[in-house]
2 protein chains.
Amino acid sequence: MLPQEYLTLLNSEFELCWAGGDRLLDAICRYAMAPGGKLLRPILLLESAVAAGGRAADVLPAAVGTECGHVASLVHDDIIDGDDTRRGRPAVHREHGRDNAIIAGDALIFFLFRCLSDCRATGVGDDRIVSALRVVAQAGYDMCHGQSLEAEVCGDLSCDTETYLEMIRLKTAAFFRAACQSGAILGGGSAEAVRVLGAYGDHLGAAFQIHDDLLAYDSTPEATGKSAVSDIRNRRLTLPVILAYETGSDADRRTLEDVLRGVQDDTLGEDAAFAAVHGVLERTGALESSRGRARWHSARAREQLAVLPPSPSADRLAHVARLAVTRDR
Amino acid sequence: MLPQEYLTLLNSEFELCWAGGDRLLDAICRYAMAPGGKLLRPILLLESAVAAGGRAADVLPAAVGTECGHVASLVHDDIIDGDDTRRGRPAVHREHGRDNAIIAGDALIFFLFRCLSDCRATGVGDDRIVSALRVVAQAGYDMCHGQSLEAEVCGDLSCDTETYLEMIRLKTAAFFRAACQSGAILGGGSAEAVRVLGAYGDHLGAAFQIHDDLLAYDSTPEATGKSAVSDIRNRRLTLPVILAYETGSDADRRTLEDVLRGVQDDTLGEDAAFAAVHGVLERTGALESSRGRARWHSARAREQLAVLPPSPSADRLAHVARLAVTRDR
């Protein structure tokens with residue numbers, strides 16, 4: 001199956017999920033799942049299943065589920081971060097109210113697990129479903145840990161690189177890992193295939209998140225669809241800022257502290273804040289160093305795939321790992 | 001095993017779940033799960049497993065999970081309803097903030113499913129785990145539907161009894177049903193045992209919720225731990241109010257409308273509001289009729305059990321059904 005066919009298949013599956021439902025919650029879930037996302041996690045799950053020797057059609061319900069779990073986290077994240085738009089439309093909590101957004105996020109998590117159980121109907125053995133269940137449930141819990149950790153260190157410039165890497169491992173990479181690993185498990189892959197696809201997902205997730213941190217500096221708001229100053233405004237720690245604070249001069253550190261304080265008490269304009277931070281990140285080499293780390297994880301991700309028998313799916317997974325650190329949005 | 005031993009066992013399991021965790025999320029989950037709840041759902045799961053021929057120890061992880069799922073819904077409900085206390089302590093969102101409460105609720109849902117997968121380690125077959133997974137995931141989704149429906153009809157006195165019964169079936173009974181049914185499945189019960197224990201859970205849930213609606217009138221705030229006027233203040237529809245509005249005179253209907261309006265725009269004191277509603281509910285016979293419906297569901301729940309072979313667990317399930325409509329809190 002070609003990548004474009006996967007996308008078409010997935011989008012029609014999403015339609016079907018809530019097609020019959022005429023209740024408010026169905027409508028909200030449909031709204032939350034509406035087209036526009038990258039569908040990265042379900043694609044990873046499908047390609048991993050095939051790369052491990054399975055068939056995409058058998059694991060399709062689980063692929064749908066993994067997107068539901070991801071969207072659930074976005075719906076709740078948007079409440080937490082106070083973000084008003086998502087994929088160019090009002091965020092769920094703006095369109096349907098905070099309470100409905102909380103409920104819809106919960107519903108999508110439960111739906112993720114219903115989807116997993118649907119793999120019985122496509123002929124996947126129960127032993128594989130239970131193994132995948134364990135991986136996905138643990139990854140979901142880890143993702144929550146990551147979100148909690150991110151909130152804890154929010155605005156704390158003395159956060160070290162280790163803590164940051166642990167945070168993105170939990171917040172982002174855990175779910176990438178789970179998508180790849182559960183795909184391999186459900187597809188009937190060998191223990192070796194499950195292991196390397198899990199490791200691939202881990203490195204891909206880290207590469208993806210670090211590159212995300214860099215988009216504010218390496219891309220444009222037009223391409224990314226969000227303001228370049230968004231992370232600074234939300235005091236969200238990113239790898240280049242942490243590296244700059246760790247390695248910068250006293251003056252650089254003071255600049256970063258002043259910007260965060262100025263943005264918080266509204267005494268510093270957003271353009272000035274962005275320019276000041278950008279200057280420090282360039283001067284300290286933190287941008288270049290972050291780019292290097294993203295590329296390193298992308299290369300490690302691709303390395304894992306070498307263990308698998310060559311296949312178009314393995315090639316496409318390698319391509320995804322390259323895209324993760326070259327995309328502009 | 002005696003009921004008291006179940007409680008002790010469950011509470012020590014809850015302790016163990018987050019014993020090693022020193023991260024903030026672990027602490028919040030521990031706080032949310034702290035003793036004080038009735039542990040009704042895990043007890044139902046354990047007793048159903050044993051009544052269906054299984055062993056309590058085998059399904060213990062699933063019992064722990066069902067309480068996690070229930071607590072998750074409480075944590076998110078308290079944000080939605082703006083309730084500040086739970087089990088005599090500050091609600092999670094009051095103690096740890098709204099954002100952490102959203103994340104902790106999500107984490108507890110994922111944890112529920114991790115617990116389910118833990119039943120593999122206690123020797124439950126994968127076929128039973130996948131069947132239980134389906135039941136629990138669907139019930140969780142239904143519960144969200146019920147919460148959404150409740151919010152939709154909030155304050156709408158013209159809501160009919162049918163809609164109300166559908167709402168409590170989804171909001172409350174679905175999870176009771178899932179606890180009993182998944183207990184029976186995991187315990188290795190026959191198709192018949194799984195069916196009747198599911199029906200038992202459905203009726204028990206309805207009886208439980210209708211009796212809950214009546215506590216404001218039939219118990220005391222000291223016993224229930226919440227203000228008798230809480231439902232009226234939150235414009236939450238209850239069966240006696242719906243029945244009174246359906247069957248009352250024009251004057252009765254006007255009284256109910258005036259009270260809801262008066263409470264909303266703060267022109268009516270809470271004691272006066274409560275007295276006015278109570279008067280209408282007595283006069284129209286709505287309280288007596290609601291009590292009758294709660295007792296009817298309790299009797300239907302107990303009837304289901306007659307199909308099972310006699311056992312102390314079946315007796316205790318019957319006792320729970322009686323307690324559901326006689327408790328004062």
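Below, each value reflects all heavy atoms present in this structure, side chains not excepted, and no hydrogens, waters or symmetry copies. The model shown is predicted, which means the values in this text are computed figures rather than measured ones. Residue numbering restarts at 1 for every chain, and letters A, B, ... go by the order of the sequence lines.
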Contacts of B:A72 meeting side-chain contact (heavy atoms from CB on, under 4.5 Å) (sequence neighbours excluded), chain-then-number -> B:L108, B:I109
Counterpart residues, side-chain contact (heavy atoms from CB on, under 4.5 Å), relative to B:A63 (two or more places apart) = B:L10, B:P42, B:L45, B:L46
Among B:V136, B:L133, B:L116, B:I129, which residue forms the greatest number of heavy-atom pairs with chain A at distances under 4.5 Å?
-> B:L133
With side chain to side chain contact (heavy atoms under 4.5 Å, CB included) as the test, would you mind laying out the steps for B:I79 and A:I102 before giving the verdict?
-> CA-CA 9 Å; B:I79 301 174; A:I102 293 177; 3.9 Å; yes
Would you list the atom pairs in which one atom of chain B and one of chain A form a donor-acceptor pair under 3.5 Å?
residue : atom : partner : partner atom : Å
B:W18   : NE1  : A:Y141  : OH           : 2.6
B:R23   : NH2  : A:H145  : NE2          : 3.3
B:D26   : OD1  : A:Y141  : OH           : 3.4
B:D26   : OD1  : A:H145  : NE2          : 3.2
B:H76   : ND1  : A:D106  : OD1          : 3.0
B:H76   : ND1  : A:D106  : OD2          : 2.7
B:I79   : O    : A:R98   : NH2          : 3.2
B:R98   : NH2  : A:I79   : O            : 3.2
B:D106  : OD1  : A:H76   : ND1          : 3.0
B:D106  : OD2  : A:H76   : ND1          : 2.7
B:R114  : NH1  : A:Q138  : OE1          : 2.7
B:S117  : OG   : A:R134  : NH1          : 3.0
B:D118  : OD1  : A:R134  : NH1          : 2.6
B:D118  : OD1  : A:R134  : NH2          : 3.3
B:R120  : NH1  : A:S131  : OG           : 3.0
B:R120  : NH2  : A:D127  : O            : 2.8
B:R120  : NH2  : A:S131  : OG           : 3.3
B:D127  : O    : A:R120  : NH2          : 2.9
B:S131  : OG   : A:R120  : NH1          : 3.1
B:S131  : OG   : A:R120  : NH2          : 3.3
B:R134  : NH1  : A:S117  : OG           : 2.9
B:R134  : NH1  : A:D118  : OD1          : 2.6
B:R134  : NH2  : A:D118  : OD1          : 3.2
B:Q138  : OE1  : A:R114  : NH1          : 2.7
B:Y141  : OH   : A:W18   : NE1          : 2.6
B:Y141  : OH   : A:D26   : OD1          : 3.4
B:H145  : NE2  : A:R23   : NH2          : 3.2
B:H145  : NE2  : A:D26   : OD1          : 3.2

Cut-off 4.5 Å, heavy atoms of chain B, and the answer for A:C29 is side chain
Using the side chain to side chain contact (heavy atoms under 4.5 Å, CB included) rule, take B:I103 and A:I80 through it: C-alpha gap first, then chi angles, then the decisive distance, then the call.
-> CA-CA 9 Å; B:I103 296 169; A:I80 292 172; 3.7 Å; yes
Which region of B:C115, side chain (C-beta onward) or backbone (N, CA, C, O), has a non-hydrogen atom less than 4.5 Å from a non-hydrogen atom of chain A, or is it both or neither?
-> neither
Contact origin within A:I28 toward chain B - heavy atom pairs under 4.5 Å = neither
B:L112 portion near chain A, given a 4.5 angstrom heavy-atom threshold = side chain
Search all heavy atoms of B:F113 against all heavy atoms of A:A137 and return the closest pair with its distance.
-> C-CB, 3.8 Å
